[in-house]
Amino acid sequence: MDTENLLGQFLRARRELLQPEDHGMPVGARRRVAGLRREEVARLAGVSTDYYIRLEQGRERHPSAQVVDALARALKLEDDATAHLHRLAHPAMEDRRPSCGPERVEDALLRMMAAWPQTPAVVLGRRMTVLAANALGEALFAGHTYSGDLMRLVFLDPDARTFYPDWHQVAIDTVGGLRSSIGTDYDDPELVELIGELSLKSATFRELWARHDIRQKTHATKRFHHPLVGELILHYESLTVNSAPGQQLVVYQADPGSPSEERLSLLGSLTA
């Protein structure tokens, strides 16, 4: 990974994903670049073409907040991506924190999760590894080659596309979630190793990583095809663990009275 010009990489990746018609501009017959031209983004953002080129090339690294907001509008960024663009333009010191050893889950959080016998819950680290799980959370992801590592589970596990019926959307959300989680901190050797391995072994990961999507994990509905109980449709909420920055508590629930609730209960009985 080239970590010397994160701002420029992000701008270029997002520019290449847009088309002239996204802004109501004529396509024209002779376009030799993917997405919008640099001068088109500059015009839409109200800055000079030379200034925008310097941003992409890394010769200008700290645009004002007003320019960042204008670029976000020109690139049609959603809220999470806009916040990420601001972090790239003005990285805070905590975004470059040194590695402090293995991530650890507090005992109080483990006890709280254990008190939810009918609710799957897992704690994810910054690299989407499963740091802890209650009994039903462990059962939900059990039986895979990479059950304890959601990035490798999605992109490298041989049965990932069966386990996740909506695999492609899960893949998009997972890569975007990783980028959101790590922010501007690429100094972690294990993160570099993870991205290198996935880039080497998964063409889909390479394609999605190059897009620079940012998708903060908050709440959504996800389908699973569990090897023991079949289809599960679960809603999840992802909560920030304030006592351990970078950790997320993810809690899953089924609709009351639904087949998924019955199958989740069965899964708990089978693994009790």
Side-chain angles (χ1 to χ4, degrees), residues 1-97 126 171-189 191-192 194-196 198-200 202-216:
M1 294 184 301
D2 177 13
T3 60
E4 293 301 315
N5 185 21
L6 295 175
L7 174 62
Q9 291 178 51
F10 181 80
L11 290 173
R12 178 175 180 175
R14 303 311 300 178
R15 170 174 63 82
E16 291 179 348
L17 291 174
L18 283 177
Q19 299 301 322
E21 53 265 36
D22 294 328
H23 277 286
M25 297 186 294
V27 177
R30 306 178 71 177
R31 296 188 67 88
R32 299 181 180 180
V33 297
L36 294 180
R37 297 187 178 99
R38 289 167 169 172
E39 59 266 27
E40 290 170 335
V41 174
R43 184 169 64 252
L44 289 166
V47 299
S48 72
T49 300
D50 178 68
Y51 181 74
Y52 180 77
I53 290 174
R54 295 205 309 271
L55 287 172
E56 277 203 8
Q57 292 178 344
R59 293 185 288 126
E60 170 62 52
R61 295 175 181 265
H62 302 295
S64 69
Q66 292 82 1
V67 169
V68 172
D69 285 334
L71 290 169
R73 289 191 294 271
L75 296 171
K76 292 189 172 293
L77 300 183
E78 296 182 351
D79 290 346
D80 290 343
T82 299
H84 181 72
L85 181 58
H86 276 280
R87 287 195 298 270
L88 292 176
H90 302 282
M93 289 299 295
E94 58 267 22
D95 288 336
R96 287 286 180 177
R97 54 189 176 277
R126 296 178 62 247
I172 292 172
D173 293 341
T174 302
V175 173
L178 178 65
R179 279 202 178 272
S180 177
S181 176
I182 61 180
T184 62
D185 184 8
Y186 288 87
D187 294 333
D188 179 358
L191 172 67
V192 174
L194 170 67
I195 294 172
L198 295 178
S199 298
L200 181 65
S202 171
T204 302
F205 177 83
R206 289 197 301 273
E207 175 188 337
L208 294 177
W209 185 253
R211 290 171 55 95
H212 287 251
D213 286 333
I214 303 294
R215 296 175 184 268
Q216 187 173 3

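A distance-only check finds a donor-acceptor pair linking the side chain of H90 to the backbone of P63 [under 3.5 Å]. Under the 3.5 Å distance criterion, the side-chain polar atoms of R61 are left unmatched by any main-chain donor or acceptor of L6. A donor-acceptor contact shorter than 3.5 Å links the side chain of S199 to the backbone of I195.
L88 contributes atom CG, which lies 7.5 Å from atom CD1 of I214 (distance to the nearest 0.5 angstrom). Distance check, rounded to the nearest 0.5 Å: OG of S48 to CD of E39 gives 12.0 Å. Distance check: L194 CG to D188 CG gives 9.0 Å after rounding to the nearest 0.5 Å. Once rounded to the nearest 0.5 Å, the distance linking CD1 of I172 with OG1 of T204 reads 10.0 Å. Here L75 contributes atom CG and L44 contributes atom CG; the two are 8.5 Å apart, rounded to the nearest 0.5 Å. H212 NE2 to Q9 CD: the interatomic distance, rounded to the nearest 0.5 Å, is 5.0 Å.
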Under 3.5 Å, sequence neighbours excluded: what are the donor-acceptor pairs made by side chains of residues 49-57?
unit_1, atom_1, unit_2, atom_2, d
D50, OD2, R54, NH1, 2.5
Y52, OH, E56, OE2, 2.6
E56, OE1, R15, NH2, 3.2
E56, OE1, R38, NE, 3.1
E56, OE1, R38, NH2, 3.4
E56, OE2, R15, NE, 2.6
E56, OE2, R15, NH2, 3.4
Q57, OE1, R59, NE, 2.9
Q57, OE1, R59, NH2, 2.9

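Among pairs with a residue in residues 66-84, none fulfils salt bridge (charged side-chain N to carboxylate O under 4.0 Å, His left out), at least two apart in sequence or across chains. Screening residues 53-86 for ring pair (Phe, Tyr, Trp, His ring centres under 6.0 Å), with sequence neighbours left out, gives F10-H84.
Considering only residues two or more places apart in sequence or on other chains, R43 meets the side chain to side chain contact (heavy atoms under 4.5 Å, CB included) condition with M25, E40. Residues meeting the side chain to side chain contact (heavy atoms under 4.5 Å, CB included) test with Q66, sequence neighbours left out: S64. Partners of R206 under the side chain to side chain donor-acceptor pair (under 3.5 Å) rule, at least two apart in sequence or in another chain, do not exist in this structure. Partners of R12 according to the salt bridge (charged side-chain N to carboxylate O under 4.0 Å, His left out) rule, which considers only residues two or more places apart in sequence or in another chain, are E16. Every salt bridge (charged side-chain N to carboxylate O under 4.0 Å, His left out) that R211 has, sequence neighbours left out, goes to D213. With sequence neighbours excluded, no residue forms a side chain to side chain donor-acceptor pair (under 3.5 Å) with H23.
Within the 4.5 Å cutoff, no side-chain heavy atoms of L77 are placed close to those of L71.
Summarising the geometry of L85 relative to A72, their closest heavy-atom pair is CD2-N, 4.2 Å, with the distance given to 0.1 Å. Looking at every heavy atom in both residues, A13 comes nearest to A210 through CB-O, 3.3 Å.
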